[in-house]
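What follows is one structure encoded as structure tokens, with my remarks underneath.
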Amino acid sequence: MDIVRGVSIDLHTHSLESDGTDTPRELMHAAAQAGLSVIALTDHDTTGGWDEAAAAVSETGVALVRGTEISTNHQGISVHLLSYLHDPGNTELTEVFERSRRFRDTRARRMVKKIGADYDLKWKDVEQQASEGATIGRPHIADALVQRGHVADRTEAFAEILTPSGPYYVRYESPDLTETVALVRSAGGVPVVAHVRASARGRVISDEAIASLVEHGLAGIEVDHRDHTEADRQHLRHFARELGVFTTGSSDYHGTGKPNRLGENTTPQEVFEQIVAAGSLNVVTP
Ligand code: AMP
Ligand code: ZN
Ligand code: FE
Ligand code: FE
């Protein structure tokens with residue numbers, strides 16, 4: 001396939017198919033506005049936005065890597081695994097996504113029930129914040145809390161009400177990280193652990209745990225991400241070199257839902273080329 005030259009590449013973004021605030025098409029236009037030449041759409045536990053984003057490639061001139069950010073856990077620690085260019089028809093992977101979306105839905109209802117004991121908040125308030133078929137997450141509860149006037153924005157909702165250390169938090173079941181890395185490979189995808197040192201989100205996995213993923217097919221580590229300190233980044237860069245896996249940089253853009261701006265971190269061309277070579281789907285190019 002043609003590899004685009006002289007490019008700016010952002011490999012982690014969200015749309016309304018999960019907890020972003022742009023439609024997939026709007027996201028592609030925002031990427032063009034931001035001067036990006038390649039983006040990956042990586043909504044949580046879904047491939048739902050792929051077709052709409054792909055349809056916007058020619059009108060925006062932005063190439064599209066089809067991806068998913070998969071919710072997993074390693075010994076009870078929540079880990080987000082990015083998968084790029086996997087076969088959307090893989091039954092086992094599709095079932096993993098469906099199961100996670102179901103568990104997320106039940107979990108969000110439980111959280112709303114708990115919150116509803118202290119704040120005026122109903123499940124229908126949350127439903128109104130999510131688009132049809134979207135993967136439900138805490139950001140939708142945050143938006144409902146904002147709409148109800150309990151907090152000013154998502155950031156405040158997370159800090160004061162939705163935090164894992166608070167009384168309203170409910171965990172949800174997710175598949176084992178190691179098994180999911182192997183599953184992504186068997187579905188032709190390229191597995192990359194997302195914001196693996198983002199300790200403000202909760203407990204993070206050890207270096208040993210990351211190392212053990214390599215034999216199961218881990219391809220890369222997301223290093224340049226706003227939730228990583230400079231020390232985290234330096235450490236992970238050295239560590240990735242030791243392990244023989246590549247490193248990526250990405251924005252984790254969520255539209256107006258988070259301060260993250262498209263292209264605030266980017267991935268080098270040669271890493272992008274490795275992902276393209278290892279994935280089973282093509283990149284959708286203009
Ligand atoms: P969940 O997957 O339902 O546990 O919610 C996690 C999602 O919330 C991820 O997509 C995060 O990007 C998002 N998130 C975490 N902290 C914040 C925050 N402070 N403000 C806005 N979004 C956040
Ligand atoms: Zn998200
Ligand atoms: Fe994530
Ligand atoms: Fe994300």
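Fair warning: this is a prediction, and the values are worked out from it, not measured in the lab.
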So how far is it from I275 CD1 to T267 OG1, rounded to the nearest 0.5 Å? 6.5 Å

Using only atom types and a distance under 3.5 Å, with no angle test, would you say the side chain of N90 pairs donor to acceptor with the backbone of E92? yes

Ignoring hydrogens and geometry, is there a side-chain-to-backbone donor-acceptor pair from H238 to Q234 under 3.5 Å? yes

With rounding to the nearest 0.5 Å, note down the distance linking CG in D10 to CG in N260. 9.5 Å

Check whether the side chains of H80 and E69 place a donor and an acceptor atom closer than 3.5 Å, and report yes or no. yes

Taking the side chain as every heavy atom from C-beta outward, state whether N265 and S251 have any atom pair closer than 4.5 Å. no

Could you walk me through whether H29 and E59 pass the side chain to side chain donor-acceptor pair (under 3.5 Å) test, one step at a time? CA-CA 8 Å; H29 280 270; E59 73 195 40; 2.8 Å; yes

Go through it in stages, so that I can follow the logic: the residues are L262 and T13, the test is side-chain contact (heavy atoms from CB on, under 4.5 Å), and I'd like the CA-CA distance, side-chain angles, deciding distance and then a yes or no. CA-CA 8 Å; L262 280 167; T13 71; 3.7 Å; yes

Interatomic distance, CH2@W123 vs NZ@K113, rounded to 0.5 Å, equals 12.0 Å

Quick one: does S15's side chain have a donor or acceptor within less than 3.5 Å of a partner on T23's backbone? no

Is it the case that D232 and T229 place a side-chain donor and acceptor less than 3.5 Å from each other? yes

Check: H74 side chain, A209 main-chain N or O, donor-acceptor pair, under 3.5 Å: no

Less than 4.5 Å apart, side chain to side chain, heavy atoms only: is that true for V184 and L81? yes

Quick check: closest heavy atoms across V96 and P175, and the distance to 0.1 Å? CG1-CG, 3.7 Å

Can we say E173 and R107 salt-bridge, meaning some charged N sits less than 4.0 Å from an Asp/Glu carboxylate O? no

Donor-acceptor pair, side chain of T68 and main chain of T42, under 3.5 angstrom: no

Is there a donor-acceptor contact under 3.5 Å linking the side chains of R104 and S71? yes

Output yes when a side-chain donor or acceptor of S250 lies under 3.5 Å from a complementary backbone atom of D252, and no otherwise. no

What is the minimum heavy-atom distance between R185 and A278, and which atoms define it? NH1-CB, 4.2 Å

Measure the spacing between CZ of F272 and OG of S37 and express it to the nearest 0.5 Å. 8.5 Å

Take atom CZ of R25 as the centre, draw a 6.0 Å sphere, and report whether it contains more than 12 heavy atoms from other residues, nucleotides or ligands. no

Sub-3.5 Å donor-acceptor pair from the side chain of S83 to the main-chain atoms of P191, do we have one? no

Decide side-chain contact (heavy atoms from CB on, under 4.5 Å) for I70 and D45; before the verdict, give the C-alpha distance in whole Å, the side-chain angles of both, and the deciding distance to 0.1 Å. CA-CA 5 Å; I70 310 174; D45 304 312; 3.9 Å; yes

Please step through side chain to side chain donor-acceptor pair (under 3.5 Å) for the pair H254 and D19, ending with a clear verdict. CA-CA 7 Å; H254 280 70; D19 51 11; 3.1 Å; yes

Test side chain to side chain donor-acceptor pair (under 3.5 Å) on Q274 and E270; report intermediate values, then the result. CA-CA 6 Å; Q274 286 181 55; E270 56 274 19; over 6 Å; no

From L213, V196, T248, residue fulfilling side chain to side chain contact (heavy atoms under 4.5 Å, CB included) relative to I221: V196

Rounded to the nearest 0.5 Å, what separation is found between the CG atom of L93 and the OG1 atom of T91? 9.5 Å

R101 and D105 ion-paired at < 4.0 Å: no

Taking R148 first and then D125, would you say they form a salt bridge - that is, a charged N and a carboxylate O separated by under 4.0 Å? yes

Around E230, counting heavy atoms of other residues, nucleotides and ligands shown, do more than 12 lie under 6.0 Å from its CD? yes

Y253 side chain to E264 backbone, donor-acceptor under 3.5 Å: no

Tested for side chain to side chain contact (heavy atoms under 4.5 Å, CB included) against L27, the lone hit among L64, T60, D22 is D22

For F158, does its backbone N or O pair with a side-chain atom of T163 as donor and acceptor, under 3.5 Å? no

Show the numbers, then the answer: is there a side chain to side chain donor-acceptor pair (under 3.5 Å) between T21 and T256? CA-CA 6 Å; T21 61; T256 57; 3.2 Å; yes

I need the I141 CD1 to L162 CG distance, nearest 0.5 Å. 6.0 Å

Using side-chain heavy atoms (C-beta onward) and a distance below 4.5 Å, is D224 in contact with H228? no

I'd like to know if the side chain of R171 reaches the main chain of G76, judged simply by a donor and an acceptor atom lying under 3.5 Å from each other, with no hydrogens or angles considered. yes

Does atom CG of D51 have more than 12 heavy-atom neighbours from other groups under 6.0 Å away? no

Should V181 and T178 count as side-chain neighbours, where that means a heavy-atom distance under 4.5 Å? no

For D143, run the salt bridge (Lys or Arg N to Asp or Glu O under 4.0 Å) check against K258, R138, R154 and tell me which one passes. R154

Taking only Lys NZ, Arg NE, NH1 and NH2, and the carboxylate oxygens of Asp or Glu, determine whether R66 and D87 approach each other closer than 4.0 Å. no

Test L177 against every option in N73, I77, I205 by the side chain to side chain contact (heavy atoms under 4.5 Å, CB included) rule and name the one that passes. I205

Answer yes when D207 and R197 have at least one side-chain N-carboxylate O distance shorter than 4.0 Å, and no when they do not. yes

